[in-house]
*Asks:* 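Okay, handing you the structure first.
The residues of the chain are indexed from 1 along the displayed sequence. Just so it is clear, the structure is predicted and the values come from calculations on it, not from any experiment. Order of listing sets the numbers, starting from 1, for every ligand and every atom in it.
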Amino acid sequence: MPSPRFTVAYALTPKKTRSFMQQKLEAQARSRGITFVALDRNRALIDQGPFDVILHKLAGKEWRQELEDYVQKFPDVIVLDPPGAIQQLRNRQSMLQDVADLRLTDSDGQVRVPKQLVVVGDSSCIPSSVAEAGLKLPLVAKPLVADGSAKSHAMSLAYDRFGLSSLDTPLVLQEFVNHGGVLFKVYVIGNAIKVVRRYSLPDLGEGDQVGFGVKSFPRVSSAAATAEEADLDPEVAELPPQRLLDCLVAELRTRLGLSLFNFDMIREGGAGNCYYVIDINYFPGYGKLPDYELLITDYLVELARRKGKKLGSGGPALAFEESPSAS
Ligand SMILES: Nc1ncnc2c1ncn2[C@@H]1O[C@H](COP(=O)(O)OP(=O)(O)OP(=O)(O)O)[C@@H](O)[C@H]1O
Ligand SMILES: O=P(O)(O)O[C@H]1[C@H](OP(=O)(O)O)[C@@H](OP(=O)(O)O)[C@@H](O)[C@@H](O)[C@@H]1OP(=O)(O)O
Ligand SMILES: [Mg+2]
Ligand SMILES: [Mg+2]
């Protein structure tokens, strides 16, 4: 009798499909009884399947409706993650609210969010709003909406109040926190947590780092280049305490209702135990994470176990295997 397989359908952008659906993931998953199936976006979702899991990162009301209809028809399907929960991360105000509410403080450190201000009105009011809110310059200006578009990643630094009114609204203005030029990307995959170091913006306010007006800056921390091997100051490079991360992740998983996300964390002054979460991303670039195929597969196997499915092996995890056989 053929061994039961666990079918994971995916609906991702072409860019995400390329970075995530690597051969090593498909091979690893197959060797443990899991089959990936690309959803056909030209056909109604409800006419496809059935599937055990739907992995997705697509925007739009239509897609959301399709998912809801599918869940009604197949209530046993696991949707990673529920669209309603993902929605919270698509706005940089609601994104950090759970971290702010958490007020996490223990013997290992504190976790905060930078002081921030949301401006939705005319940009001419930004200078007075900043003064009224008591925000300290320099500020990071971020588009309010984080919908994955290139525009939603267009960041600027405001060194002084001149030029603030030239910024595009709606936006979030966040106090810049000096952190030694390194940030920690904390990846969450179910119960698994992986932390990597990435280059970040240098500290501001010293020597030639003093700027004027408002300047845009590139996507410094999402580059594939990691700061893992770099010759960093050991204090700056020291990872956040594991216990603090465990506690933070457990809380965020519950509060956000998500199991696939990452967040950017910085350490104030590059030393000490005061941390800030500055960004949370749904279904981030796992493909850049070493051994991500093992972590994703482990999580899917765990989901199968929870569904009471005993998985048979689909063959060896050899990277040169052809596409998965039908279930
Ligand atoms: N409050 C802050 N203090 C200091 N540096 C910051 C702050 N906010 C952002 N940065 C720097 O700017 C970068 C971009 O900001 P952010 O992570 O919010 O943007 P993003 O486009 O959502 O990033 P991602 O590519 O991770 O989705 C951060 O990785 C960090 O280097
Ligand atoms: O493109 P990459 O692989 O770098 O992944 C990035 C991902 O883009 P993708 O979803 O198009 O893949 C981004 O998603 P959107 O906000 O743009 O939706 C965001 O999650 C980044 O934080 C990810 O970078 P990471 O944080 O993992 O370094
Ligand atoms: Mg970020
Ligand atoms: Mg982001």
*Asks:* Which is it for His153 and ligand 1 at heavy atoms under 4.0 Å: side chain, backbone, both or neither?
*Replies:* both
*Asks:* Please indicate whether Arg103 has more than 12 foreign heavy atoms, meaning atoms of other residues, nucleotides or ligands, lying under 6.0 Å from its CZ.
*Replies:* no
*Asks:* Any N/O of Ser152 closer than 3.5 Å to an N/O of ligand 1?
*Replies:* no
*Asks:* Heavy-atom contacts with Pro284 under 4.0 Å: which atoms of ligand 2 show up? List them by number with element.
*Replies:* 20 (O), 27 (O)
*Asks:* When the aromatic ring centroids of Phe20 and Phe283 are compared, is their separation below 6.0 Å?
*Replies:* yes
*Asks:* Out of all atoms in ligand 2, which are within 4.0 Å of some heavy atom of Tyr187? Include the element for each.
*Replies:* 25 (P), 27 (O), 28 (O)
*Asks:* CZ of Arg161: more than 12 outside heavy atoms within 6.0 angstrom?
*Replies:* no
*Asks:* Please determine if Gly285 has a nitrogen or oxygen closer than 3.5 Å to a nitrogen or oxygen of ligand 2.
*Replies:* yes
*Asks:* Are the charged groups of Arg30 and Glu26 less than 4.0 angstrom apart, N to O?
*Replies:* no
*Asks:* Does the pair Lys309/Asp52 count as a salt bridge with the N-to-O cut at 4.0 Å?
*Replies:* yes
*Asks:* What N, O or S atom of Asp264 is found closest to the Mg ion (ligand 3)?
*Replies:* OD2
*Asks:* Check for me, please, whether Leu294 and Leu25 land in the same ILVMFWY cluster - side-chain distances under 4.5 Å, paths through other members count.
*Replies:* no
*Asks:* Have a look at ligand 2 and work out which part of Phe20, if any, has a heavy atom under 4.0 Å from it: side chain, backbone, both or neither.
*Replies:* neither
*Asks:* According to a hydrophobic-cluster definition based on side-chain heavy atoms being under 4.5 Å apart (Ile, Leu, Val, Met, Phe, Trp, Tyr only), do Leu300 and Tyr286 belong together?
*Replies:* yes
*Asks:* Looking only at non-hydrogen atoms, which of Lys288, Lys185, His153, Arg219 approaches atom 21 (C) of ligand 2 most closely?
*Replies:* Arg219
*Asks:* Relative to the heavy atoms of Asp264, which atoms of ligand 1 are at a distance of less than 4.0 Å?
*Replies:* 17 (O), 26 (O), 29 (O)
*Asks:* Should the pair Asp264-Arg198 be classified as a salt bridge under the 4.0 Å nitrogen-to-oxygen rule?
*Replies:* no
*Asks:* Output the list of atoms in ligand 2 that are nearer than 4.0 Å to some heavy atom of Gly148, sorted by atom number.
*Replies:* 15 (P), 16 (O), 17 (O), 18 (O)
*Asks:* Are any of the side-chain nitrogens in Arg197 or Glu238 under 4.0 Å away from the carboxylate oxygens of its partner?
*Replies:* no
*Asks:* As an exercise, identify every atom of ligand 1 less than 4.0 angstrom from a heavy atom of His179.
*Replies:* 4 (C), 5 (N)
*Asks:* Look only at interatomic distance and state if Tyr286 has a nitrogen or oxygen under 3.5 Å from any nitrogen or oxygen of ligand 2.
*Replies:* no
*Asks:* Where on Asn178 is there a heavy atom closer than 4.0 Å to ligand 1, on the side chain, on the backbone, on both, or on neither?
*Replies:* neither
*Asks:* Is the shortest side-chain heavy-atom distance between Leu137 and Glu175 below 4.5 Å?
*Replies:* no
*Asks:* Does ligand 1 have any atom sitting under 4.0 Å from a heavy atom of Gln116?
*Replies:* no
*Asks:* What are the atoms of ligand 1, with element, lying closer than 4.0 Å to any heavy atom of Leu201?
*Replies:* 11 (C), 31 (O)
*Asks:* What do we get for Phe217 next to ligand 1 when only non-hydrogen atoms under 4.0 Å count, side chain, backbone, both or neither?
*Replies:* side chain
*Asks:* Looking at Gln22 and Gly287, would you say the former's side chain and the latter's main chain have a donor-acceptor pair under 3.5 Å?
*Replies:* yes
*Asks:* Looking at Pro114, which atoms of ligand 1 are within less than 4.0 Å of one of its heavy atoms?
*Replies:* 1 (N)
*Asks:* Once rounded to the nearest 0.5 Å, what's the spacing between atom CG of Leu248 and atom CZ of Arg255?
*Replies:* 10.0 Å
*Asks:* Which of the numbered atoms in ligand 1 are under 4.0 angstrom from any heavy atom belonging to Met155?
*Replies:* 15 (O), 19 (O), 20 (P), 21 (O)
*Asks:* I'd like to know if the side chain of Lys57 reaches the main chain of Tyr282, judged simply by a donor and an acceptor atom lying under 3.5 Å from each other, with no hydrogens or angles considered.
*Replies:* yes
*Asks:* Met265 pairs by side chain to side chain contact (heavy atoms under 4.5 Å, CB included) with which of Leu245, Ile278, Asp279, Leu239?
*Replies:* Leu245
*Asks:* Compare Ile280, Leu96, Asp279 and give the one whose heavy atom is closest to atom 16 (P) of ligand 1.
*Replies:* Asp279
*Asks:* As a test of reading the structure, name the N/O/S atom of Asp279 that is nearest the Mg ion (ligand 3).
*Replies:* OD2
*Asks:* Would you mind listing which atoms of ligand 1 come within a distance below 4.0 Å of any non-hydrogen atom of Leu183?
*Replies:* 28 (C), 29 (O), 30 (C), 31 (O)
*Asks:* Could you pull out the closest heavy-atom pair between Lys115 and Ala133, with the gap in Å?
*Replies:* NZ-O, 3.4 Å
*Asks:* Any N/O of Ser19 closer than 3.5 Å to an N/O of ligand 2?
*Replies:* no
*Asks:* Can you tell me which portion of Arg198 lies within the under-4.0 Å heavy-atom range of ligand 1? Options are side chain, backbone, both, or neither.
*Replies:* neither
*Asks:* Below 4.0 angstrom from a heavy atom of Asn281, which ligand 1 atoms are there? Numbered from 1 as shown, please.
*Replies:* 26 (O), 27 (O)
*Asks:* Any idea which part of Asn262 is under 4.0 Å from ligand 2, heavy-atom wise: side chain, backbone, both or neither?
*Replies:* side chain
*Asks:* Give the numbers and elements of all ligand 1 atoms closer than 4.0 Å to a heavy atom of Lys185.
*Replies:* 26 (O)
*Asks:* Among Arg198, Arg18, Lys16, which residue places a heavy atom closest to atom 7 (C) of ligand 2?
*Replies:* Lys16
*Asks:* Pick out which of Val196, Ile266, Leu201 makes a side chain to side chain contact (heavy atoms under 4.5 Å, CB included) with Leu183.
*Replies:* Ile266
